[in-house]
Amino acid sequence: MEMAAENADLHGSAMRSSSSVPLRIRVLCWLVKNAGAVTRRNDGTVNRRLANFIEQKVSADLAPRQGVYTRDIVIDKTAGVRVRLFVPDNSAYGDFPVVVYFHGGAFCALSAADVSYDTFCRKLAGRLNVAVVSVDYRLAPEHKCPAAYDDCFAAVAWLRAQGRGYLPPSADLSRCFLMGDSAGGNIVHHVGCRVARELDMSPVKIVGHVLLQPYFGGEERTPAEVRLSNGVPLITVEAADWYWRAFLPEGATRDHPAANVTGTDISGLSLPPSLVVVGGLDLLQDWQLRYVEHLKKMGKQAEVLFYEDAIHAFHVFPGYDLTPRFLRDLAYFLQMRSEFLPTI
């Protein structure tokens, strides 16, 4: 299996045109990008009623579909935090790992019930034979930093305290992964560090972090941001800046440690190996690659999967040609950190 086979020319590969992205994906990106634009207000708020109307949500279903059943559980009634469980219906036939998943949406949009994330998490559970705990955290700007981090850490704490009562006995809490995309990838880092600071999370043991095109940033304009802001689908520098203002504490700049994570000393934390997925058509790629270098500088294990033709959040777009390859690569990393995963 090729792991990070395309790392030889990471920055140069980003020069490729978005014309390499299939037309149907570009159309979907245009729709998603404009849906976000119409919900963002000039005063820094989100038209939440319109955002909820636009978002396509699907209900949980205890009847297995594609070999996976789902269930919604409220874990904090006061905050309104819930998780959606994705469990393969062949779970009685052997132990399997648990993935705690944090969805993307720039901290301001989407949910575990969004059809894209329901589909992706169902695919993870069914094809990789893992249980997925997808977290519905509170959104900004109504709930600014650190609300999302608090909610997602609470989900890990819930898994430790009560997860055994909701997951089948074959779910192995000693083989857990934190995984997330975009803002969810950012959350993986911050929650993972918080988990590492806890004295005892047993029976939960985090054996790996998977950050899918994590949403990091800073005041600096990186070469990729300058080069790709108006040339690729889905995300622009202007939109990213707006979402950072909506999420970060009042008065904070993008160099706040929630966004610009490479200034924080994490050398003393016992973090598991990390897999960071980077796309050549993602304007955030420079921040993501700097994060990998930061992990290594701090003495942590980190690997990169670089996909030259990948846009931001490519894995949740239906029919993206890279997705089967990505799932194989992801399965390999999980398999290296955990036994008994199927070959796909």
Side-chain angles (χ1 to χ4, degrees), residues 36 81 99-112 114 117 120 134-141 143-156 177-197 206 208-220 222 224-225 234-235 237 239-249 252-264 266 269 271-272 274-279 282-295 298 300 302 304-305 312-316:
V81 181
V99 171
V100 183
Y101 195 88
F102 311 128
H103 68 80
F107 296 104
C108 296
L110 305 179
S111 68
D114 181 88
Y117 286 107
F120 178 68
S134 184
V135 186
D136 240 347
Y137 53 87
R138 289 172 293 172
L139 300 177
H143 305 283
K144 286 181 170 287
C145 175
Y149 303 145
D150 292 343
D151 295 347
C152 291
F153 178 80
V156 179
F177 294 85
L178 300 184
M179 185 184 303
D181 69 288
S182 193
N186 176 299
I187 293 171
V188 168
H189 167 76
H190 289 284
V191 171
C193 288
R194 186 168 171 181
V195 169
R197 294 186 183 101
I206 307 299
H209 291 172
V210 181
L211 299 88
L212 311 178
Q213 300 174 287
Y215 186 52
F216 297 134
E219 285 297 298
E220 176 194 349
T222 68
E225 286 175 325
L234 193 62
I235 188 171
V237 165
D241 288 353
W242 190 97
Y243 288 122
W244 280 126
R245 289 192 298 272
F247 173 67
L248 293 173
T253 72
R254 295 189 301 276
D255 283 331
H256 186 282
N260 194 342
V261 298
T262 58
T264 304
I266 56 173
L269 297 180
L271 296 177
S274 293
L275 177 68
V276 182
V277 176
V278 182
D282 184 356
L283 60 82
L284 300 178
Q285 63 184 272
D286 290 338
W287 295 110
Q288 296 156 2
L289 294 171
R290 289 181 188 181
Y291 175 70
V292 173
E293 293 307 309
H294 178 63
L295 288 178
M298 294 289 107
K300 313 306 175 188
V304 178
L305 282 176
H312 192 73
F314 72 94
H315 63 290
V316 297

Any R197 side-chain heavy atom under 4.5 Å of L269 side chain: yes
Step-by-step side chain to side chain contact (heavy atoms under 4.5 Å, CB included) determination, L211 to V277: CA-CA 6 Å; L211 299 88; V277 176; over 6 Å; no
Side-chain donor or acceptor of Q213 paired with backbone N/O of A313 under 3.5 Å: yes
Donor + acceptor pair across side chains of Q288, D282 (<3.5 Å): yes
Polar side-chain atom of H209 near backbone of S274 as donor-acceptor pair, under 3.5 Å: no
Side-chain donor or acceptor of N186 paired with backbone N/O of P214 under 3.5 Å: no
F216 and H189 aromatic ring geometry - parallel, tilted or perpendicular at 30°/60° bounds: perpendicular
Nearest heavy-atom neighbours spanning C145 and H256: SG-CE1, 4.5 Å
Backbone N/O of A112 and side chain of D136: donor-acceptor pair under 3.5 Å: yes
Side-chain donor/acceptor of Y117 to backbone N/O of G104, under 3.5 Å: yes
D151 side chain vs R138 backbone, donor-acceptor pair below 3.5 Å: yes
Intermediate values then yes/no, ring-ring contact (aromatic ring centres under 6.0 Å, His included), Y137 and H103: CA-CA 9 Å; Y137 53 87; H103 68 80; 4.3 Å; yes
Heavy-atom check, side chain of L178 versus side chain of V156, under 4.5 Å: yes
Least distance between heavy atoms, P141 atom then K144 atom: O-CG, 3.7 Å
Distance, nearest 0.5 Å, that separates CE of M298 from OG1 of T264: 9.5 Å
Pair H312-S182, side-chain donor/acceptor within less than 3.5 Å: yes
F102 vs D181 side-chain heavy atoms within contact, under 4.5 Å: no
Check: Y101 ring centroid to F177 ring centroid under 6.0 Å: no
Heavy-atom pair with the smallest gap, counting every atom of A148 and I187: CB-CD1, 4.1 Å
Test side chain to side chain contact (heavy atoms under 4.5 Å, CB included) applied to L284 and I235, step by step: CA-CA 9 Å; L284 300 178; I235 188 171; 4.2 Å; yes
Non-hydrogen side-chain atoms of V278 and L289 separated by less than 4.5 Å: yes
Sub-6.0 Å ring centroid separation between F247 and Y149: yes
Check: K300 side chain, V292 main-chain N or O, donor-acceptor pair, under 3.5 Å: no
Evaluation steps, side chain to side chain contact (heavy atoms under 4.5 Å, CB included), between E225 and D286: CA-CA 8 Å; E225 286 175 325; D286 290 338; over 6 Å; no
Gap separating the CD1 atom of I266 from the CG atom of L295, nearest 0.5 angstrom: 5.0 Å
Atom of C108, atom of L139 and distance for their closest heavy-atom approach: O-CD1, 3.8 Å
Least distance between heavy atoms, C152 atom then V191 atom: CB-CG2, 3.8 Å
CA sep, side-chain torsions, deciding dist, call: L305, V276, side chain to side chain contact (heavy atoms under 4.5 Å, CB included): CA-CA 6 Å; L305 282 176; V276 182; over 6 Å; no
Any donor-acceptor N/O pair, D255 side chain to E219 backbone, under 3.5 Å: yes
is_close_aromatic(W244, Y215), centroid dist under 6.0 Å: yes
Heavy-atom pair with the smallest gap, counting every atom of V210 and V188: O-CG2, 3.9 Å
